[in-house]
Amino acid sequence: MLDHTTHLASMLKRPDLLIERALVGGEWIEAEGGRTFDVTNPARGDVIARVPDLGRAEIARAIDAAHASQKAWAARTGKERARVLRRWHDLMMEHQEDLAVLMTAEQGKPLAESRGEVAYGAAYVEWFGEEAKRVYGETIPGHMPDKRITVLKQPIGVAAGITPWNFPNAMIARKVAPALAAGCAFVSRPASQTPLSALAMAKLAEEAGVPAGVFSVVTTMDASGAGKEFCENSKVRKLTFTGSTEVGRILLRQAADQVMKCSMELGGNAPFIVFDDADLDAAVQGAIVSKFRNNGQTCVCANRIYVQAGVYDAFATKLAEAVGRMKVGDGLEAGTDLGPLIEPKAVAKVREHLEDAVAKGAKVLTGGHGDPLGEQFFAPTIVTGATREMKVAREETFGPFAPLFRFADEADVIEQANDTIFGLACYFYARDLSRVIRVQEALEYGMVGVNTGIISTEVAPFGGVKQSGLGREGSRHGIEDYLEMKYVCTQV
Ligand SMILES: NC(=O)C1=CN([C@@H]2O[C@H](COP(=O)(O)OP(=O)(O)OC[C@H]3O[C@@H](n4cnc5c(N)ncnc54)[C@H](OP(=O)(O)O)[C@@H]3O)[C@@H](O)[C@H]2O)C=CC1
Ligand SMILES: O=C(O)[C@H](O)CS(=O)(=O)O
């Protein structure tokens with residue numbers, strides 16, 4: 001008899017990558033008592049998988065296995081760990097299509113974006129495989145004739161990660177890869193909406209030679225329970241989280257009891273600024289990719305679009321024309337630019353920000369309504385006349401809603417752009433060199449796109465300031481969060 005997985009499995013070259021088990025200590029297990037939760041396709045609403053709903057006892061078993069296997073993994077040379085990570089990268093790319101189909105099925109993004117995300121996640125694995133060979137210590141000239149000083153870098157031990165649904169592959173790769181490269185072991189708890197990508201990645205990691213216990217994936221509906229186990233279990237020495245600032249605060253409070261090392265990639269409220277000397281066509285393309293990638297469901301999306309008065313109308317017209325050409329649809333269907341939002345509450349957030357803006361004087365230029373395809377689809381929307389009194393000026397929309405704010409001059413827009421508790425990404429378009437230097441220095445953000453709307457890459461330090469997070473992921477800096485520094489003073 002056909003079951004709920006049949007249709008999706010039939011789309012895969014490797015149907016065994018559609019996994020309904022959790023990976024705990026090298027074993028693929030069901031939950032105690034067979035408890036499961038459904039994974040649904042946000043475009044169609046159908047159940048595509050049922051995965052184990054683990055409890056804290058099973059999560060603790062994964063942590064125990066990580067603790068038991070970590071020292072042997074750390075004892076391998078960086079070169080040996082690099083070889084395993086390279087193989088994992090190669091397997092992810094070899095199975096890019098299957099991983100992309102699984103991602104679109106569970107998250108909804110267009111297949112082309114899913115393919116891109118798989119390559120992006122694999123790039124982090126490749127990058128940190130290379131970094132595994134470059135964990136350098138240092139020697140320091142002694143402070144006394146009979147003293148010798150060295151500094152060692154050693155893996156922190158067991159790391160635990162909680163990741164969101166919006167990038168179900170890359171957010172895991174961006175954490176697991178540096179951890180394994182450093183010699184740590186890792187327990188991953190993916191978002192309940194999108195566990196399939198993580199489980200498939202774990203299968204390929206196993207095939208690449210990651211030893212049993214070094215990388216576990218614990219699926220559970222009890223996000224809070226998983227977070228508490230990670231923060232309270234004395235075997236865990238590192239917590240890494242990507243998600244909302246609200247949940248980040250909860251985890252930081254919980255982690256404080258063990259003074260646990262934390263990395264936090266949290267919410268954003270990115271300003272996208274178009275000065276009157278900008279290349280308007282380039283700015284429109286940058287706004288499209290920054291605002292509508294993943295249907296606006298990224299922490300680095302343009303959330304507020306500021307346009308200088310002299311080019312406001314021209315920019316608005318061009319942007320509306322470009323947005324009008326975007327196709328809303330099922331991510332698995334060719335030609336789709338914008339899939340469904342992840343769940344009904346995400347559509348409700350878009351409607352809330354739209355209705356609030358209109359009530360406070362904004363005008364809908366395009367969109368502003370749902371889509372006949374279903375309740376989780378929403379038309380890409382632009383409003384003009386946005387002001388700082390509106391909710392969208394202070395809160396992350398996380399959807400296809402583009403408010404255009406008009407500004408007078410540089411000082412005006414810098415003040416508005418920085419008037420937020422967030423500080424993750426920002427973007428601006430200008431061609432005057434002095435202005436570019438002044439503005440990039442004045443914006444209070446961890447990442448700045450200058451004449452570009454897409455900045456994410458494994459070679460650069462990704463992260464925010466203020467309440468957008470702690471630490472950096474990617475680049476040569478990203479591995480430091482999984483290392484401890486040890487100072488050795490030797491009497492000679
Ligand atoms: N910085 C970023 O990249 C992201 C930012 N966001 C922001 O967060 C908002 C809400 O999105 P949402 O997905 O709900 O983000 P959340 O922060 O609520 O969820 C992110 C992850 O944290 C888990 N989680 C939720 N509550 C807890 C808890 N108490 N302890 C431990 N883990 C927990 C979630 O589990 P589960 O989903 O299973 O409940 C999920 O895996 C978005 O609108 C956006 O503003 C969201 C995603 C990514
Ligand atoms: O969490 C996110 O939104 C991602 O970090 C954005 S990106 O790294 O894919 O740009």
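Computed from heavy atoms alone, side chains included, the values below leave out hydrogens, waters and symmetry copies. Both ligands and their constituent atoms are indexed starting at 1 by order of listing.
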Q: Looking at side-chain heavy atoms only, is the closest gap between Q254 and L239 below 4.5 Å?
A: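 No, side chains not in contact.
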Q: Can R174 be said to sit on top of F462's aromatic six-ring, NZ or CZ under 6.0 Å from centre and within 45° of the ring axis?
A: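 That pair qualifies as a cation-pi contact.
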Q: Under 3.5 Å, N/O to N/O: give me all the pairs between ligand 1 and the protein, one per line with atom names and distance.
A:
residue: ligand 1; atom: 1 (N); partner: G243; partner atom: O; Å: 3.3
residue: ligand 1; atom: 1 (N); partner: L266; partner atom: O; Å: 2.7
residue: ligand 1; atom: 13 (O); partner: W165; partner atom: NE1; Å: 2.3
residue: ligand 1; atom: 17 (O); partner: S244; partner atom: N; Å: 2.8
residue: ligand 1; atom: 17 (O); partner: S244; partner atom: OG; Å: 2.7
residue: ligand 1; atom: 35 (O); partner: R189; partner atom: NH1; Å: 2.7
residue: ligand 1; atom: 37 (O); partner: Q193; partner atom: OE1; Å: 3.1
residue: ligand 1; atom: 38 (O); partner: R189; partner atom: NH1; Å: 3.2
residue: ligand 1; atom: 38 (O); partner: R189; partner atom: NH2; Å: 2.7
residue: ligand 1; atom: 38 (O); partner: S192; partner atom: N; Å: 3.0
residue: ligand 1; atom: 38 (O); partner: S192; partner atom: OG; Å: 2.7
residue: ligand 1; atom: 41 (O); partner: T163; partner atom: O; Å: 2.9
residue: ligand 1; atom: 41 (O); partner: R189; partner atom: NH1; Å: 2.9
residue: ligand 1; atom: 45 (O); partner: E396; partner atom: OE1; Å: 2.4

Q: Walk me through it: do T36 and D53 pass the test side chain to side chain donor-acceptor pair (under 3.5 Å)?
A: CA-CA 5 Å; T36 63; D53 187 5; over 6 Å; no
Q: If you measure only the distance, is there a donor-acceptor pair under 3.5 Å linking the side chains of N269 and R394?
A: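 Checked: N269/R394 side chains show no N/O donor-acceptor pair below 3.5 Å.
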Q: Please collect all side chain to side chain donor-acceptor pair (under 3.5 Å) contacts where either partner lies in residues 236-248, sequence neighbours excluded, each pair once.
A: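 Every pair satisfying side chain to side chain donor-acceptor pair (under 3.5 Å) with a residue in residues 236-248: K175-T240, K175-T242, K238-S263.
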Q: Who are the ring-ring contact (aromatic ring centres under 6.0 Å, His included) partners of F37, not counting sequence neighbours?
A: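 If we apply the ring-ring contact (aromatic ring centres under 6.0 Å, His included) test to F37, skipping adjacent residues, there are no hits.
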Q: Would you say the side chains of D3 and T5 form a donor-acceptor pair under 3.5 Å?
A: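 Yes, because at least one side-chain N or O of D3 sits under 3.5 Å from a partner of the opposite role on T5.
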Q: Test the K261-Y482 pair against the cation-pi criterion, namely NZ or CZ under 6.0 angstrom from the six-membered ring centroid and within 45° of the ring axis.
A: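 Because its charged atom misses either the 6.0 Å distance or the 45° angle limit, K261 does not stack over Y482.
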Q: Protein residues near ligand 2, heavy-atom distance below 4.0 Å?
A: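 Only Y120, N166, F167, M171, R174, T242, R293, T298, C299, V300, S456, F462 have heavy atoms that fall under 4.0 Å of ligand 2, ordered by chain and number.
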Q: I would like to know whether F428 and Y306 meet ring pair (Phe, Tyr, Trp, His ring centres under 6.0 Å); could you show each step before the answer?
A: CA-CA 9 Å; F428 68 93; Y306 293 94; over 10 Å; no
